[in-house]
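Numbers here are sequence positions counted from 1. In each ligand, atom 1 is the first atom listed, and ligand 1 is the first ligand listed.
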Amino acid sequence: MQIQLRFPGVLTNSPLNLPPSPSKLPIIGNLHQLGTLPHRSLQSLARKHGPLMLLYLGQTPVLIVSSADAAKEVIKTQDFNFCNRPRISFAERLFCSNKDLAFSSYDERWKEIRKISVLHVFSGHRVESFRTIREEEANFMIGKIYECCSSASSTVNLSDIIFSFTNNVVCRVAMGMKFGDNEGAKKLITEFMNLIGVFNVADFIPWLSMVNNFNGLSSRVEKNAKELDCFLESVIEDHIDRKKKTKNSGDEDFVDVLLGMANDKSNRVYFARDNIKPVILDMFIAGTDTTATTLIWAMTELMKHPEIMKEDDLGQMHYLKMVIKETLRLHSPAPLFIPHESIQDTKLLGYDIPAKTRVFINQWAIANDPMLWDELEEFRPKRFLNTSIDYQGKDFKFFPFGAGRRGCPGILFATPNMELPLANLLYHFNCSLPNGVISKDVDVAEELGLLLRKKSPLLLVPTPCGF
Ligand code: HEM
């Protein structure tokens, strides 16, 4: 059945030419077709219905974009029209009414926060200033693995160790502290990240929102939002006190930088203390697991491909960069990005797209499109040799960090946080698989929550080699 939505303006009275839709069920629409790995289910559906599909997730129409041309149209040519974010209710509560960057709608306040963050928080200069923190944490990580090597059980849970590395770097850079023994703070942030990744049926079938009162989700969100607020308030207070005592110490973390911005009258939009907390939370949501997940997948693929491990060039930076690209192609941590939303009615590849349509960009499907890639299921870093394909958002067959107004601002921050620990791991250890597992049986099962993660932890037996 064709839905007879109509444009309010120009096309009044003419039925809309909407993108094709797979048939749907009452109430839930196409929700049942998402499965547990929506990026893969949506890729299969796109093969049948085309690069632009309109699905109904509950009562919400969602445009699914699955080709390089369509993606380019959405996040480059018509970027201005597709750079809004839809309302996501748990994020709204947890991010203090979406005063953050990642989930906030496109408005003057978002533009100002983005400008401030890009200039003062994510810039190359700032990223360089955190070099010592990265190096210390990489050394700490190597030391921890080394300790495990000399203990009775030589099997190491590399996933845990890598998560601690990225978490420590982000905590120090953002707030000037490590969680260390602060189990309370660690649990608080873990719960926050779990809640942001939870599938909330009320975002698609609003009249079912009361379900969250019975399954406990509403009270978990409420509790977490209040506790986060208290915790971050105390972090900000500590920073203010410290600043009074040690003026211009030089070692500024993000809270210091953002406090400096708060109440600066030259900002077009008032950037206040309330904006600091959600921007710091963005760092955890967007900056820790993305990087850790990529590193874990890179090591997983290398263990699965001993022939690559033996390559003489593997220790060279240009090869490592290709390993990271190939990992991001096969296992991009945000395969469907963060949802976008159209601002005005528009035409896309000949179809009518009404204002306020939610958009999922299936970047994973494009990076795994047989029309664009040879032997696409193979982990083959050398496919990037002598090509100009990069992940800076200029090439629409491979853009794991997005592009345009909503493209990832953390790309400069993420790059050394992947390269440095990976280079260190490969330099310091020869790794083998535990309990007789052979390379071809290395588990690559995926799990999609907020991010596309490796389902089981990566267990390895490291042997020191570079000391
Ligand atoms: C491997 C690492 C990473 C990948 C693959 C990645 C990828 C992405 C993607 C795909 C988006 C959404 C693009 C869109 O919706 O169009 C995004 C947004 C974002 N990322 Fe990253 N990211 C990574 C690391 C980081 C880091 C380290 C930070 C911060 C330190 C960060 C901060 C952000 C923020 C704040 C946004 C929201 C931007 C906005 O809506 O204006 N990301 N990232």
Side-chain angles (χ1 to χ4, degrees), residues 39 65 71-72 74-76 79 82-86 88 91 95 98-107 109-118 120-123 126-127 130 133-134 162 165-167 169-175 196 253-254 257 275 278-298 324-325 327-341 358-364 366-367 391-393 396 398-419 421-422 450-453:
H39 58 299
V65 176
K72 185 174 177 185
V74 170
I75 51 177
K76 187 169 179 199
D79 181 30
F82 284 101
C83 64
N84 207 7
R85 298 277 192 221
I88 298 176
F95 279 114
N98 283 358
K99 290 194 182 110
D100 74 317
L101 263 180
F103 293 89
S104 162
S105 50
Y106 180 75
D107 54 18
R109 192 183 42 76
W110 173 85
K111 279 195 241 173
E112 193 65 11
I113 295 177
R114 171 111 188 174
K115 196 182 78 189
I116 288 172
S117 309
V118 168
H120 301 285
V121 177
F122 301 116
S123 67
R126 185 72 62 189
V127 168
F130 296 128
I133 292 182
R134 275 191 300 276
I162 288 176
F165 164 79
T166 55
N167 211 12
V169 172
V170 169
C171 277
R172 287 183 65 185
V173 162
M175 306 188 295
I196 289 286
D253 57 44
F254 284 1
V257 176
N275 297 105
V279 171
I280 293 300
L281 289 176
D282 264 345
M283 291 289 297
F284 285 98
I285 278 295
T288 54
D289 283 13
T290 41
T291 320
T293 300
T294 309
L295 278 170
I296 292 163
W297 279 120
I324 290 171
K325 281 185 197 173
T327 306
L328 287 167
R329 185 188 70 78
L330 270 177
H331 305 284
S332 69
L336 297 170
F337 286 8
I338 304 170
H340 287 230
E341 190 183 79
R358 207 175 270 222
V359 183
F360 289 179
I361 299 161
N362 194 350
Q363 192 278 145
W364 178 87
I366 300 167
Y391 47 61
Q392 305 289 336
F396 288 88
F398 180 60
F399 53 111
F401 289 88
R405 286 176 170 74
R406 286 292 183 165
C408 179
I411 191 164
L412 290 179
F413 188 88
T415 303
N417 278 338
M418 294 187 287
E419 290 172 356
L422 188 59
L450 178 63
L451 298 173
L452 183 63
R453 292 168 78 158

Chemist: Looking only at non-hydrogen atoms, which of Ala286, Ala102, Gly407 approaches atom 25 (C) of ligand 1 most closely?
Modeler: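 Looking at heavy atoms only, Ala286 sits closest to atom 25 (C) of ligand 1.
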Chemist: Report the part of Thr290 in contact with ligand 1, treating N, CA, C, O as backbone and CB onward as side chain, heavy atoms under 4.0 Å; options are side chain, backbone, both, neither.
Modeler: both
Chemist: Considering distance alone, does some N or O of Arg406 sit under 3.5 Å from an N or O of ligand 1?
Modeler: yes
Chemist: Checking side chain to side chain contact (heavy atoms under 4.5 Å, CB included) against Trp297, which of Ile324, Thr327, Leu328 comes through?
Modeler: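 Testing Trp297 for a side chain to side chain contact (heavy atoms under 4.5 Å, CB included) against Ile324, Thr327, Leu328 leaves exactly one candidate, Thr327.
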Chemist: So is His340 touching ligand 1 or not, going by heavy atoms under 4.0 Å?
Modeler: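 Yes; His340 lies near enough to ligand 1 that a heavy-atom distance drops under 4.0 Å.
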Chemist: Counting from 1, what ligand 1 atoms have a heavy atom of Pro333 closer than 4.0 Å?
Modeler: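 So the answer, numbered in order with elements, is 5 (C).
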Chemist: Would you say Arg114 and ligand 1 have an N/O pair spaced under 3.5 Å apart?
Modeler: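 Among all N and O atoms of Arg114, at least one is under 3.5 Å from an N or O of ligand 1.
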Chemist: Does at least one non-hydrogen atom of Trp110 fall below 4.0 angstrom from an atom of ligand 1?
Modeler: yes
Chemist: I'd like to check Ser117 versus Pro409 (side-chain heavy atoms, cut-off strictly below 4.5 Å). Are they in contact?
Modeler: no
Chemist: For Phe103, state whether at least one heavy atom is located under 4.0 Å from any atom of ligand 1.
Modeler: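 Distance cut 4.0 Å: Phe103 fails for ligand 1.
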Chemist: Measure up the Phe337 and Phe399 rings against each other and bin them: parallel (under 30°), tilted (30 to 60°), perpendicular (over 60°).
Modeler: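 Geometry flag for Phe399 against Phe337: perpendicular rings.
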Chemist: Can you sort out which atoms of ligand 1 are near Phe122, meaning under 4.0 Å from one of its heavy atoms?
Modeler: 29 (C), 30 (C)
Chemist: Does atom NZ of Lys325 have more than 12 heavy-atom neighbours from other groups under 6.0 Å away?
Modeler: yes
Chemist: Does any non-hydrogen side-chain atom of Tyr106 lie less than 4.5 Å from one of His340?
Modeler: no
Chemist: What about Arg85: any of its N or O atoms under 3.5 Å from an N or O on ligand 1?
Modeler: yes
Chemist: Scan Ile361, Val74, Val65 and name whichever one has a side chain to side chain contact (heavy atoms under 4.5 Å, CB included) with Phe82.
Modeler: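 Between Phe82 and the candidates, side chain to side chain contact (heavy atoms under 4.5 Å, CB included) is satisfied uniquely by Val74.
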Chemist: Atom 19 (C) of ligand 1: which of Pro409, Ser332, Gly410 has the nearest heavy atom?
Modeler: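 Heavy atom nearest to atom 19 (C) of ligand 1 belongs to Pro409.
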Chemist: Any idea which part of Met283 is under 4.0 Å from ligand 1, heavy-atom wise: side chain, backbone, both or neither?
Modeler: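 Only the side chain of Met283 comes within reach of ligand 1.
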